[in-house]
Q: 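My questions all concern the structure below.
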Amino acid sequence: MAAALLANVLYSSGFVLEKKALAALPAVDFRRPARLLRLVLGSPLWIGGALALAAGFGAQLAVYRTLPIAAAQGIFVSGLVLLVLLSSRLLGEETSGRERYALGAILLALLMVVLSLREGSDTVSRSAPYPLILTVCVPTLALGVWLYGSAERRARHRHRLPTTGVEYGVAVGLLYGVSSLAIKGMAGCLTTSGPGDAVLGLVRSPYPYLLLCTGGFGLVMSQAALQRCRASLIVPVCTTVTCLFTAVLGTLSFGEALPHEPLRLALRLAGTALAVAVLLAMPKHDTAPPPRRTLTAKELTPP
């Protein structure tokens with residue numbers, strides 16, 4: 001539990017620091033990854049955010065060694081509250097009334113998932129068949145990249161209203177969902193044997209390669225999306241998609257059984273359905289006021 005809460009703080013802080021750094025950089029484009037990396041690596045503030053996210057991944061690895069997948073996702077999503085608060089205070093972002101209701105419904109949905117858990121009765125699986133993991137993850141990676149490209153093409157249309165970033169959040173969330181499954185698999189490899197056998201098993205597994213792939217694509221795609229859209233909306237969407245993907249497909253892939261009691265099963269299924277419905281109903285165009293910005297002395301000086 002402590003590691004999960006620490007991961008929440010690190011993730012929220014990391015995203016906000018990266019967003020603040022990106023606001024001061026020239027426009028980035030995911031189709032030019034070398035230029036994007038050169039720009040962000042030249043920003044100390046962005047590097048601080050990236051280090052916070054990396055530490056969050058380390059904390060997440062510890063969580064997956066002790067908690068079932070569904071339980072871990074429910075706790076991770078509680079960090080959305082902290083993210084929205086930080087975005088408001090440090091970035092000047094404001095959410096509309098409809099978006100606040102949507103975020104509240106997402107938290108309610110994932111609270112239902114958490115209430116469906118029972119300590120001692122939920123098993124923590126350590127491994128999954130590699131062909132099954134690849135069957136789940138490879139098409140998901142392709143779908144995430146395709147969705148992101150489609151959102152980019154639509155956003156470039158002239159006279160199109162500003163996007164909220166829901167499409168970007170779903171695409172990046174799918175990639176990070178694959179990352180979560182890879183981290184879960186790596187945690188199992190490091191737990192089930194001694195150090196030497198663990199490293200050998202890890203190298204022979206698909207997990208580190210999936211993590212490298214999602215890390216590369218996710219880094220480029222998420223930074224371009226963060227620069228264009230509000231962190232207070234795109235990150236909750238991304239987090240919700242990641243959690244739902246990991247909780248549903250991860251639970252099935254790793255063989256962590258669903259609850260047998262009718263009430264717990266209903267809570268888990270209803271929470272998942274509510275979160276999906278909220279994502280589908282969220283506004284696709286941005287109507288919230290732009291982030292507050294303080295004018296410089298040069299800008300205040302009349303021509």
Side-chain angles (χ1 to χ4, degrees), residues 8-57 76-77 79-80 82-95 99 103 144-145 147-152 154-156 162-177 179 214-243 279 282-286 288-293:
N8 283 345
V9 174
L10 290 169
Y11 280 137
S12 298
S13 303
F15 278 122
V16 169
L17 288 175
E18 286 187 347
K19 171 68 176 178
K20 196 170 183 64
L22 287 165
L25 295 178
V28 298
D29 190 337
F30 89 108
R31 294 170 299 175
R32 301 174 63 187
R35 176 178 178 272
L36 185 152
L37 291 175
R38 186 176 69 253
L39 287 172
V40 298
L41 291 177
S43 169
L45 186 61
W46 186 92
I47 292 174
L51 290 175
L53 290 177
F57 274 112
F76 288 146
V77 173
L80 294 180
L82 176 61
L83 175 77
V84 172
L85 291 175
L86 289 176
S87 297
S88 175
R89 294 293 182 183
L90 301 180
L91 303 176
E93 295 184 352
E94 297 179 7
T95 55
E99 291 166 356
L103 293 176
V145 174
L147 284 175
Y148 193 97
S150 299
E152 280 282 287
R154 288 193 297 272
R156 288 196 297 269
T163 179
T164 58
V166 171
E167 300 97 329
Y168 293 119
V170 171
V172 177
L174 290 174
L175 265 69
Y176 286 162
S179 290
T214 56
F217 279 105
L219 173 63
V220 173
M221 292 163 58
S222 63
Q223 298 314 300
L226 264 178
Q227 191 180 60
R228 297 184 187 123
C229 310
R230 284 176 287 133
S232 57
L233 189 65
I234 189 173
V235 176
V237 172
C238 173
T239 303
T240 302
V241 171
T242 298
C243 290
L279 282 178
M282 288 186 79
K284 301 299 187 295
H285 301 295
D286 207 346
R292 295 185 298 270
R293 178 170 170 265

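It should be emphasised that the depicted structure is a prediction, and the values quoted were computed from it without experimental measurement.
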Q: Of all residues at least two apart in sequence or in a different chain, which pass the ring pair (Phe, Tyr, Trp, His ring centres under 6.0 Å) check with Y11?
A: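 F57.
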Q: Check L22 against L226 and note the closest heavy-atom contact, atom names and distance.
A: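 L22 and L226 have their closest heavy atoms at CD1-CB, 3.7 Å.
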Q: Please find the pair of heavy atoms, one from V220 and one from P33, that lie closest to each other, and give the distance.
A: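 Looking at all heavy atoms of both residues, the shortest contact is CG2-CB, 4.0 Å.
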Q: Roughly how far, to the nearest 0.5 Å, is the CD1 atom of I47 from the CG atom of L17?
A: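 Answer for the CG-CD1 pair, L17 versus I47, is 12.0 Å.
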Q: Please answer whether the main-chain N or O of P26 pairs with a side-chain N or O of Q227 as donor and acceptor at a distance below 3.5 Å.
A: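 Indeed, once roles are kept as given, a pair shorter than 3.5 Å links the two residues.
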Q: Is a donor on one side and an acceptor on the other found under 3.5 Å between the side chain of S222 and the backbone of L219?
A: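 Yes, because the side chain of S222 sits within donor-acceptor range (under 3.5 Å) of the backbone of L219.
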Q: Look up atom CG in L36 and atom CG in L25, then write down how far apart they are to the nearest 0.5 Å.
A: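 These two atoms lie 9.0 Å from each other.
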Q: Is atom CZ of R35 surrounded by more than 12 heavy atoms (other residues, nucleotides or ligands) closer than 6.0 Å?
A: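 More than 12 heavy atoms, drawn from other residues, nucleotides or ligands, come within 6.0 Å of this atom.
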Q: Quick one: are W46 and L41 in side-chain contact, heavy atoms under 4.5 Å?
A: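 In contact.
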Q: Show me the pairs that pass side chain to side chain donor-acceptor pair (under 3.5 Å) and involve residues 13-24, at least two apart or across chains.
A: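 Matches after skipping sequence neighbours: E18-Q223.
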Q: Measure across A171 and G144 and return the closest heavy-atom pair with its distance rounded to 0.1 Å.
A: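 So the minimum-distance heavy-atom pair works out to CB-O, 3.3 Å.
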Q: For S179, give me all partners under side chain to side chain contact (heavy atoms under 4.5 Å, CB included), at least two apart in sequence or on another chain.
A: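 Checked S179 against side chain to side chain contact (heavy atoms under 4.5 Å, CB included); matches are Y176, L211, T214.
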Q: Distance from E152 atom CD to M221 atom CE, nearest 0.5 Å?
A: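 The CD atom of E152 sits 9.0 Å away from the CE atom of M221.
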